[in-house]
Amino acid sequence: MAPGDPFAAAAPLVEVTDLRKYFPVRGGLFRRVVGQVKAVDGVTLALRAGQTLGLVGESGCGKSTLGRTILRLQEPTSGSIRFDGVDLTHLTRRQLLPWRRQMQAVFQDPYGSLSPRRTVAQTVREPLDVHRVGTAAERSARVAELLDVVGLSPLAANRYPHEFSGGQRQRVGIARALALNPQFIVADEPVSALDVSVQSQVLNLIARLQRELGIAFLFISHDLAVIQHVSDQIGVMYLGKVVELAPAALLFRKPLHPYTEALLSAVPQVDHQGRKQIVLSGDVGSPRNPPAGCPFHTRCPKVMDICRSTPPVLKSPAGDPSRTVACHLEGTGP
């Protein structure tokens, strides 16, 4: 952790260790398994209460799969998931149910994530009904409270999703995620389907909720400008692996991995003193058959011979324990 980091002394709320999620590829007459798509390939990270970890990378790098696997919406292939010190990796659906109250999700598509046949009140109330929280009157009162928290009128309760704008629908999704007072929320591209003006409103809402309620967020996005706005720490993913993890301000000021440098160079700058854009060439590796050695070596402008044969280990650079990077260019400590 960086000096003065308010989260440095806190125990991790969410711990992921060497997490992998492979999808079988079937082929032939008998549909036998002929390969594996390595969507998440050995990810280790930790998230503390009240902290936002931004996860960024190109489409198909495994960000959303990682979020869904941490929530056990998809079963991990291997590795471990711990929440508040408890190993959730192999719990049954029944055993996992109490922990579902503490872990919620806000999905990317505010159009597809809400049932068109349910009113807003029914949608927001559903988690309370499933977990049998309070009386009917208390659940109705909680719905009204949640709509107020996310900035929607009480009159919205009896309306249907098609009667709202995209930003309002996403507010409904956030209200549903907050219904059970969770400690941890996975926000999977929550503003990518919204207009720019609406994006800022939803981002400010998420920041306010985190500040007031102390919720930990895993915030997934391909937009580095959005990630910078909301994150305490940022993880950069490439082909199923985290290649760099650092405090947000430090990563933007001094990226260490060549892939991170390329991503940051593509962020639009207001002035003309920004980074020179790095245009990546070469072939993008396949998650079904990742390149040997460093997964980024086929596109890296700084590639060395060792990169083609030896996978780099995610470690802290010498003298900087606040961050980790997987790159042979960086001298690493023991």
Side-chain angles (χ1 to χ4, degrees), residues 1-19 40-58 61-63 66-67 70 184 186-187 203 207 210 216-267 269 274-275 277-278 280 294-296 299-302 307 311-334:
M1 288 290 175
D5 189 339
F7 304 105
L13 176 67
V14 180
E15 294 178 273
V16 172
T17 305
D18 199 25
L19 190 66
V40 177
D41 194 15
V43 170
T44 296
L45 52 81
L47 181 62
R48 290 161 173 79
Q51 186 181 29
T52 294
L53 172 61
L55 200 59
V56 70
E58 295 169 297
C61 71
K63 307 184 299 296
L66 175 60
I70 292 174
F184 172 56
V186 173
L203 290 173
Q210 183 194 47
F217 278 89
L218 177 63
F219 194 101
I220 298 169
S221 179
H222 65 276
D223 188 334
L224 269 167
V226 169
I227 286 287
Q228 183 183 24
H229 181 72
V230 300
S231 302
D232 301 298
Q233 274 204 318
I234 297 175
V236 181
M237 283 192 73
Y238 186 81
L239 278 185
K241 297 179 181 292
V242 172
V243 297
E244 185 165 1
L245 184 65
L250 184 58
L251 183 131
F252 271 80
R253 185 171 68 251
K254 187 182 178 182
L256 297 182
H257 198 281
Y259 178 59
T260 309
E261 292 180 347
L263 289 179
L264 290 178
S265 75
V267 177
Q269 302 290 328
R275 299 179 178 89
Q277 185 168 357
I278 300 171
L280 297 176
C294 175
F296 186 58
R299 304 171 70 194
C300 183
K302 303 177 181 180
C307 304
V313 178
L314 190 68
K315 297 177 71 174
S316 294
D320 191 357
S322 69
R323 65 192 308 173
T324 53
V325 61
C327 183
H328 291 299
L329 286 169
E330 294 301 323
T332 56

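Note that the coordinates shown come from a computational prediction; the quantities given were computed from them, not determined experimentally.
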Residue pair [X] / [Y]: nearest heavy atoms and the distance that separates them:
{"X": "Leu218", "Y": "Gly67", "answer": "CD2-CA, 4.1 Å"}
{"X": "Ala216", "Y": "Arg48", "answer": "CB-O, 3.5 Å"}
{"X": "Leu245", "Y": "Gly235", "answer": "CD1-CA, 3.6 Å"}
{"X": "Pro312", "Y": "Cys327", "answer": "CB-N, 3.7 Å"}
{"X": "Ser322", "Y": "Gln233", "answer": "O-NE2, 4.0 Å"}
{"X": "Ile227", "Y": "Gly54", "answer": "CD1-CA, 3.7 Å"}

Any side-chain heavy-atom pair of [X] and [Y] under 4.5 Å:
{"X": "Asp320", "Y": "Leu250", "value": "yes"}
{"X": "Val325", "Y": "Pro317", "value": "yes"}
{"X": "Leu280", "Y": "Pro301", "value": "yes"}
{"X": "Thr324", "Y": "Lys315", "value": "no"}
{"X": "Pro258", "Y": "Leu329", "value": "yes"}
{"X": "Gln210", "Y": "Asp232", "value": "yes"}
{"X": "Ile234", "Y": "Thr260", "value": "no"}
{"X": "Ile220", "Y": "Val186", "value": "yes"}

Between Ser265 and Ile278 (side chain of the first, backbone of the second, donor and acceptor by atom type, cut-off under 3.5 Å), is there such a pair?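 Looks like yes, one N/O pair under 3.5 Å.
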Got a donor-acceptor contact below 3.5 angstrom from the Glu244 side chain to the Leu256 backbone?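 It does hold such a pair.
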Can you check side chain to side chain contact (heavy atoms under 4.5 Å, CB included) on Val236 and Val56, steps first, answer last? CA-CA 5 Å; Val236 181; Val56 70; 3.9 Å; yes
Reported [atom1]-to-[atom2] distance for the pair [X] and [Y], which is rounded to 0.5 angstrom:
{"X": "Asp41", "Y": "Leu239", "atom1": "CG", "atom2": "CG", "value": "9.0 Å"}
{"X": "Leu203", "Y": "His229", "atom1": "CG", "atom2": "NE2", "value": "5.5 Å"}
{"X": "Leu224", "Y": "Leu251", "atom1": "CG", "atom2": "CG", "value": "7.5 Å"}
{"X": "Lys241", "Y": "Leu66", "atom1": "NZ", "atom2": "CG", "value": "13.0 Å"}
{"X": "Leu263", "Y": "Glu58", "atom1": "CG", "atom2": "CD", "value": "6.0 Å"}
{"X": "Ile70", "Y": "Glu15", "atom1": "CD1", "atom2": "CD", "value": "11.5 Å"}

Set of salt bridge (Lys or Arg N to Asp or Glu O under 4.0 Å) partners for Lys63, sequence neighbours left out: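 With neighbours one apart ignored, the set is empty.
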Qualifying residues under salt bridge (Lys or Arg N to Asp or Glu O under 4.0 Å), relative to Asp18, sequence neighbours excluded: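 With sequence neighbours excluded, Asp18 shows a salt bridge (Lys or Arg N to Asp or Glu O under 4.0 Å) to Arg20, given in chain and number order.
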Under the rule for ring-ring contact (aromatic ring centres under 6.0 Å, His included), what residues qualify as partners of Tyr238, not counting sequence neighbours?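 Tyr238: ring-ring contact (aromatic ring centres under 6.0 Å, His included) contacts with Tyr259, Phe296.
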Go through it in stages, so that I can follow the logic: the residues are Met237 and Val43, the test is side chain to side chain contact (heavy atoms under 4.5 Å, CB included), and I'd like the CA-CA distance, side-chain angles, deciding distance and then a yes or no. CA-CA 9 Å; Met237 283 192 73; Val43 170; 4.3 Å; yes
Could you walk me through whether Lys254 and Arg323 pass side chain to side chain contact (heavy atoms under 4.5 Å, CB included), step by step? CA-CA 11 Å; Lys254 187 182 178 182; Arg323 65 192 308 173; 4.3 Å; yes
Walk me through it: do Leu13 and Phe184 pass the test side chain to side chain contact (heavy atoms under 4.5 Å, CB included)? CA-CA 8 Å; Leu13 176 67; Phe184 172 56; 4.2 Å; yes
Check this for me: does any side-chain nitrogen of one of Lys302 and Glu261 sit under 4.0 Å from a carboxylate oxygen of the other?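 Salt bridge flag = yes for Glu261 with Lys302.
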